[in-house]
Amino acid sequence: MKNPIIVLIREDLRIHDHPALYAACQEGHVIPLYILDEQASLGAAKKWWLHRNIETYQHTLQSINGRLWLDKGKVEEVLSRWVKNTNAKAVYWNRKYNPDIYQRDRTMAQSLSSQGIQVKTFEGTLLLPPWKIKKEDGTPYKVYSAYYRSLRKEEIPKPLPALKRIEVPQLQDDGMALNELDLLPSIPWFHIMESIWDPGEEAAFKRMSSFFTKRLHDYSEGRDFPGKGQHSTLSPYLALGVISVRSIYHTLIDMESKPIEPFIKQLIWREFSYSALLHYPESPTRPLNEKFAEFHWQSDEEGWKQWTRGQTGYPIVDAGMRELWATGFMHNRVRMIVASFLTKHLLIPWQRGAEWFLDTLIDADLANNSMGWQWVSGSGFDAAPYFRIFNPTLQSEKFDKEGTYIRMWLPELSHLPNRYIHKPSDAPGDVLKSTDITLGVDYPYPVVDHKAARKRALEHYEEIK
Ligand SMILES: Cc1cc2nc3c(=O)[nH]c(=O)nc-3n(C[C@H](O)[C@H](O)[C@H](O)COP(=O)(O)OP(=O)(O)OC[C@H]3O[C@@H](n4cnc5c(N)ncnc54)[C@H](O)[C@@H]3O)c2cc1C
């Protein structure tokens, strides 16, 4: 047997447009190896999603004559053992940009190279490597619109074709079984997620095609309305690299007659988030706007509990938090509303909300999540100004006028007329009675009064202005 090439599989569980796997397959025997990084903290919901997608990926690789070896531990140590035991001549991977992983991978590459093992790294996460789009003076963009214009002028490489066959060596070491990675919780709380999310490339492409055919034309207007379902729901697939962003981009570019730009803009927000993460690796925990380091956050444990449980008494916030808990996903507009509520109405630090999201979202993505939270709380690049405080009731009236989304997630309010669905505490006693709602029992009173909370948030903001 010729010396094989190990391809480190990470959040790129696909056989189409997989530059590292593609390159290795041109050269001979390949060992696709997934090492669960025991040092990385992975949220519970994403672990479930990862388990399901690894399982499907194993079948996909088998269908093209390949297989996926699994292992876990400290990545550099486990990889080094595999290199030694298999006499691998080279290791290839698609680059990841989470700060710890990026640094670790660079050190690992140096160490392998110094032992005579060839290392090649590829762009498999983004449209372009995150250092590619910079201002003329060589510094990273801090304004999204300028970043977008600059990226849009670039040629984006075409996606590579799906692999048809892969040659894998016979190895004595079978690696671990999927269950040994211990990704599933002991209590199976994921049945709703099971019924919504199909893992794997085929499912991702189906979702994309269905979105492009049926909903893309209305995306620009519809994307802000959580009850309309006009968004793509592709983020869980992008988060594990089950579909490549270049494939999505080029499928769009090839559709001449459709309004593609609003969707491309969102894909480019993702690129912008990754650029921020690479250039400001502390951004998941430190405010990008230094002023906010002085902000006086509160530790409102009761408020926190009610927010996480979807029991704040603001239906749009509660519907969002319950959608998150049940499905591992939340609509973008609602993410903004719940994040604003946590940071401005409850004055709870955005970092705590960001951690909760990383634990409960199946599309948990450090770059997008940090950008989203910093943007909402006012401390990010090109962020919403802190003093612009969403009124959750008005947001709800504007973006979920008929209460379709609220009714879906708060069945206890489903019979309330549209007029009161956004703020049940305004409903007269006879309306509550006729719809079987006792406030404080079936549905909570608002945890804070909007006007008072707004005033308090602005006072806090004045202190750092
Ligand atoms: C507080 C907060 C936290 C967030 N956390 C995450 C996260 O952990 N993971 C994540 O993928 N997204 C996150 N987002 C961004 C956005 O909400 C999701 O990407 C989007 O809701 C996913 O749904 P979709 O695939 O239907 O999006 P679509 O509207 O169909 O957009 C298509 C794709 O574009 C990208 N995109 C869309 N909006 C954004 C955005 N605002 N920023 C960056 N990329 C975007 C995503 O990759 C998305 O899949 C967060 C936003 C906020 C406000």
Side-chain angles (χ1 to χ4, degrees), residues 41-49 185-193 196-197 226 235-236 239 284-285 295 297-366 368-370 372-377 389-390 392-393 395-396 400 405-406 408-413 422-425 439-450 453 456-457:
S41 62
L42 203 56
K46 200 165 172 191
K47 275 191 190 166
W48 165 79
W49 185 230
S186 46
I187 299 167
W189 42 254
F190 42 75
H191 357 271
I192 299 185
M193 298 193 328
I196 300 176
W197 303 105
S235 54
T285 49
F295 195 89
W297 300 104
Q298 314 266 295
S299 66
D300 174 355
E301 285 313 312
E302 199 46 38
W304 170 256
K305 223 191 302 167
Q306 278 150 328
W307 182 80
T308 52
R309 292 178 181 176
Q311 293 285 351
T312 65
Y314 284 89
I316 191 76
V317 174
D318 296 339
M321 296 308 290
R322 295 203 213 164
E323 180 189 17
L324 174 62
W325 192 249
T327 67
F329 183 86
M330 195 194 297
H331 184 274
N332 180 60
R333 166 63 45 184
V334 190
R335 290 187 203 207
M336 292 196 280
I337 297 171
V338 305
S340 172
F341 191 85
L342 185 80
T343 53
K344 297 180 184 178
H345 285 73
L346 300 178
L347 291 177
I348 293 177
W350 61 267
Q351 292 92 331
R352 201 168 174 197
E355 259 183 52
W356 181 259
F357 267 31
L358 290 178
D359 194 32
T360 50
L361 281 169
I362 61 165
D363 70 12
D365 175 296
L366 194 65
N368 282 357
N369 193 51
S370 311
W373 279 94
Q374 292 238 19
W375 189 90
V376 172
S377 69
I389 295 173
F390 278 165
T393 310
Q395 287 285 311
S396 182
D400 190 31
Y405 178 76
I406 293 175
M408 192 183 317
W409 294 108
L410 306 182
E412 65 270 42
L413 300 184
H422 309 285
K423 201 174 178 201
S425 54
L439 286 179
V441 176
D442 302 308
Y443 187 70
Y445 286 103
V447 59
V448 280
D449 169 65
H450 168 68
R456 184 177 67 155

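Atoms considered below: every heavy atom in the structure, side chains included; atoms not considered: hydrogens, waters and symmetry mates. Index from 1, following the sequence.
Shortest non-hydrogen contact noted between Arg456 and Leu347 is NE-CD1, 3.6 Å. The heavy-atom pair separating Ala364 from Ala239 by the smallest distance is O-CB, 4.1 Å. Contact between Ile389 and Ala457 at its shortest, heavy atoms only, is CD1-CB, 3.7 Å. Trp350 and Ser377 get closest at one heavy-atom pair: CD1-OG, 3.4 Å. Heavy-atom minimum distance, Lys46 versus Ile362: CG-O, 3.7 Å. Residue Gln395 comes nearest to Ile337 through the heavy atom pair CB-CD1, 3.6 Å, listed as atom of the first residue, atom of the second, then distance.
Interatomic distance, NZ of Lys423 versus CD1 of Ile316, reported as 15.0 Å (0.5 Å rounding). To the nearest 0.5 Å, the span separating OG on Ser340 from CG on Leu346 amounts to 10.0 Å. One finds the CG atom of Leu413 at 11.0 Å from the NE2 atom of His422 (value rounded to the nearest 0.5 Å). Separation of atoms OG1 (Thr312) and CH2 (Trp304) is listed at 13.5 Å; rounding is to 0.5 Å. The distance from the OG atom of Ser41 to the NZ atom of Lys47 is 9.0 Å, given to the nearest 0.5 Å. Between the CG atom in Leu366 and the CZ atom in Phe357 there is a gap of 14.0 Å [rounded to 0.5 Å].
The aromatic rings of Trp48 and Phe190 sit parallel, their planes meeting at an angle under 30°, below the 60° perpendicular limit.
Side-chain N or O atoms of Asp359 include none that pairs as donor or acceptor with a backbone N or O of Gly43 at under 3.5 Å. Side chain of Trp307 to backbone of Ile348: no donor-acceptor contact under 3.5 angstrom is found. No donor-acceptor pair under 3.5 Å is formed between the side chain of Asp400 and the backbone N or O of Pro226. For Thr308 (side chain) and Lys305 (main-chain N/O), a donor-acceptor pair under 3.5 Å exists by modelled atom type.
The closest side-chain heavy-atom distance from Pro315 to Pro424 is below 4.5 Å. The shortest side-chain heavy-atom distance between Ser396 and Ile406 falls under the 4.5 Å cut-off. Side chains of Trp373 and Leu342 form a contact here, defined as non-hydrogen atoms less than 4.5 Å apart. Counting heavy atoms from C-beta on, the side chains of Met321 and Arg309 never come closer than 4.5 Å.
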What's the verdict on side chain to side chain contact (heavy atoms under 4.5 Å, CB included) for Leu42 and Trp49, showing C-alpha distance, side-chain angles and the deciding distance?
CA-CA 11 Å; Leu42 203 56; Trp49 185 230; over 6 Å; no
Intermediate values then yes/no, salt bridge (charged side-chain N to carboxylate O under 4.0 Å, His left out), Glu323 and Arg333
CA-CA 13 Å; Glu323 180 189 17; Arg333 166 63 45 184; over 6 Å; no
What verdict does the side chain to side chain contact (heavy atoms under 4.5 Å, CB included) test give for Asp365 and Ser235, after you've listed the backbone C-alpha separation in whole Å, the side-chain angles of each residue and the deciding distance to 0.1 Å?
CA-CA 9 Å; Asp365 175 296; Ser235 54; over 6 Å; no
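By the 4.0 Å N-to-carboxylate-O rule, Glu412 lies close enough to Arg322 to be salt-bridged with it. Classification of Asp363 and Arg335 as a salt-bridged pair holds, one side-chain N sitting under 4.0 Å from a carboxylate O.
The number of heavy-atom neighbours closer than 6.0 Å to CH2 of Trp297, taken from other residues, nucleotides and ligands shown, is above 12. More than 12 heavy atoms of other residues, nucleotides or ligands lie within 6.0 Å of CD1 in Ile196, so this atom counts as buried by the packing criterion.
Tested against Tyr314 for a ring-ring contact (aromatic ring centres under 6.0 Å, His included), the candidates Phe390, Tyr443, Phe341 yield a single pass: Phe341.
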